[in-house]
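Reckoned from all heavy atoms, side chains included, excluding hydrogens, waters and symmetry mates. Just so you know, ligand 1 is whichever comes first in the structure, and atom 1 is the first atom listed for that ligand.
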Amino acid sequence: MKVVVIGIGLIGGSFAKDIKKLYSEASIWGMDKNDSHLDEAINLGIVDQKADNESLTNADIVIVSIPVDVLVQELPNILDKVGDETVVIDAGSTKRLICQAVANHPKRRNFLACHPIAGTEFSGPSAAINRLYEGKTNIICEVEETAFKLQEKALELFQKMGMRIRYMKPDAHDKHIAYVSHLSHISSFMLGKTVIEKEKNERDIFDMAGSGFESTVRLAKSSPDMWTPIFEQNRENVVETLQEYIQNLESFKKMIEANDFEGIYNEMNNTNKIKQILNGIPLTKN
Ligand SMILES: O=C(O)C(=O)C[C@]1(C(=O)O)C=C[C@@H](O)C=C1
């Protein structure tokens, strides 16, 4: 099996690591605009050899894990070069503009739009992790636009990697992911900013930072190269989520100012249900 990974960072590298473990006969070909990343991936044994455009023609699977702005630009060019039996999978954190970019492409049926909900705040090939995707959800959009045989090929891989599959329309994906993922990143970045600005003494931050601060500010360590184009592509949904978040912050502040500690208690008590939600315990009967 020949797999080409375009963008050999945390996401692409973790795919490569799993594929190597799961398919003993797989050869992994890597492509990255950053030569040092590619060399590093080869040294780490994540990638077997460098790929060029020609490598795409007879690949079984192409995994594209690059920033979403470059993805929108490059996906049509990648599809131009692949063979009939190649399935091209992306891992972009937005879906609407990516699906739109290839909607009328003659090889649209070679493409499967995916968003594996997995990652860390780190980037680059050295951040790649074994079994990153195990037990994680992979959101697949417009599955009906992908050739059935190629869907099956990709789904077999996802199943072996232990991913759960959920199908969604690109618009719905972008709307929901704005709340659960994109807003989390903004809130973490702005928490980090507030603390850095207000606590001028770095030693105080270091000494006071327990696991509470560490866990809420973890996402503020994420790469701006990855996140700026995500916020740009999902601008409208992100603005809507921010409006609601700011309203909630304002109302929490007002309750504290008004000594409404019963209100504060209730807010937190209601929000505790996030624990059940994240444990997969249904709160409402469907
Ligand atoms: O856990 C993290 O550090 C992540 O950023 C992972 C995370 C997320 O959960 O928001 C971020 C972006 C990806 O599109 C999917 C997953």
Side-chain angles (χ1 to χ4, degrees), residues 5-18 63-72 75 89-99 101 112-142 154 158 161-193 211-235 237-238 240-242 245 274-275 277-280:
V5 179
I6 304 178
I8 195 83
L10 159 76
I11 297 298
S14 300
F15 261 104
K17 280 190 156 192
D18 278 4
I63 294 161
V64 194
S65 44
I66 52 182
V68 289
D69 52 341
V70 193
L71 193 49
V72 164
L75 194 55
I89 298 163
D90 84 313
S93 301
T94 57
K95 287 273 89 49
R96 187 179 60 90
L97 289 181
I98 291 166
C99 289
L112 186 65
C114 295
H115 182 192
I117 311 293
T120 71
E121 64 277 31
F122 303 115
S123 42
S126 59
I129 300 171
N130 288 316
R131 292 152 59 155
L132 171 67
Y133 302 103
E134 195 172 319
K136 303 285 163 46
T137 307
N138 189 4
I139 316 268
I140 299 183
C141 294
E142 296 188 336
F158 300 152
M161 290 168 74
M163 287 198 245
R164 299 191 303 126
I165 303 298
R166 172 128 188 226
Y167 296 99
M168 263 188 162
K169 291 196 187 328
D171 281 353
H173 166 277
D174 285 9
K175 188 177 167 66
H176 294 298
I177 207 72
Y179 278 98
V180 188
S181 171
H182 302 177
L183 181 59
S184 309
H185 283 76
I186 297 172
S187 108
S188 185
F189 274 115
M190 290 305 103
L191 171 65
K193 174 184 154 82
S211 54
F213 182 67
E214 182 63 44
S215 63
T216 33
V217 88
R218 178 179 70 82
L219 297 175
K221 300 175 195 168
S222 305
S223 157
D225 289 335
M226 168 175 168
W227 283 94
T228 308
I230 294 176
F231 297 144
E232 186 181 356
Q233 287 194 8
N234 207 17
R235 198 170 151 264
N237 289 318
V238 166
E240 194 186 308
T241 63
L242 271 175
Y245 188 54
I274 200 76
K275 190 171 163 187
I277 296 171
L278 291 177
N279 282 334

In Arg166, Arg164, Met163, the residue satisfying side chain to side chain contact (heavy atoms under 4.5 Å, CB included) with Asn138 is Met163
Within 4.0 Å of some non-hydrogen atom of Leu219, the atoms of ligand 1 are 2 (C), 3 (O), 5 (O)
Whether His185 lies under 4.0 Å from ligand 1, heavy atom: yes
So between Ala118, Ser223, Ser184, Ala91, whose heavy atom ends up nearest atom 16 (C) of ligand 1? Ala118
Quick check on Ser222 - does any of its heavy atoms sit under 4.0 Å from an atom of ligand 1? no
Please check whether Trp227 reaches ligand 1 - meaning an N/O of the residue sits under 3.5 Å from an N/O of the ligand, judged on distance alone. no
Assess whether salt bridge (charged side-chain N to carboxylate O under 4.0 Å, His left out) is satisfied between Glu240 and Lys175, documenting all intermediate values. CA-CA 9 Å; Glu240 194 186 308; Lys175 188 177 167 66; 3.7 Å; yes
How about His182 and Asn234: does a side-chain donor come under 3.5 Å of a side-chain acceptor? yes
Pair Phe158 and Tyr133, ring centroids less than 6.0 Å apart: no
Donor-acceptor pair, side chain of Thr241 and main chain of Tyr179, under 3.5 angstrom: no
When distances are taken from atom 3 (O) of ligand 1, the protein heavy atom at minimum range is Arg218 NH1, 2.9 Å
Atom 10 (O) of ligand 1: which protein heavy atom is closest, and how many Å away? Ser181 OG, 2.6 Å
Got the closest protein heavy atom to atom 13 (C) of ligand 1, with its distance? His115 NE2, 3.5 Å
One finds that the ligand 1 atoms under 4.0 Å from a non-hydrogen atom of Glu121 are 3 (O)
Please tell me if the side chains of Glu121 and Ser222 come closer than 4.5 Å, counting only heavy atoms from C-beta onward. yes
Out of Thr120, Ile117, Thr94, whose heavy atom sits nearest atom 9 (O) of ligand 1? Ile117
Residues Cys99 and Glu142: closest non-hydrogen pair is CB-OE1, 3.4 Å
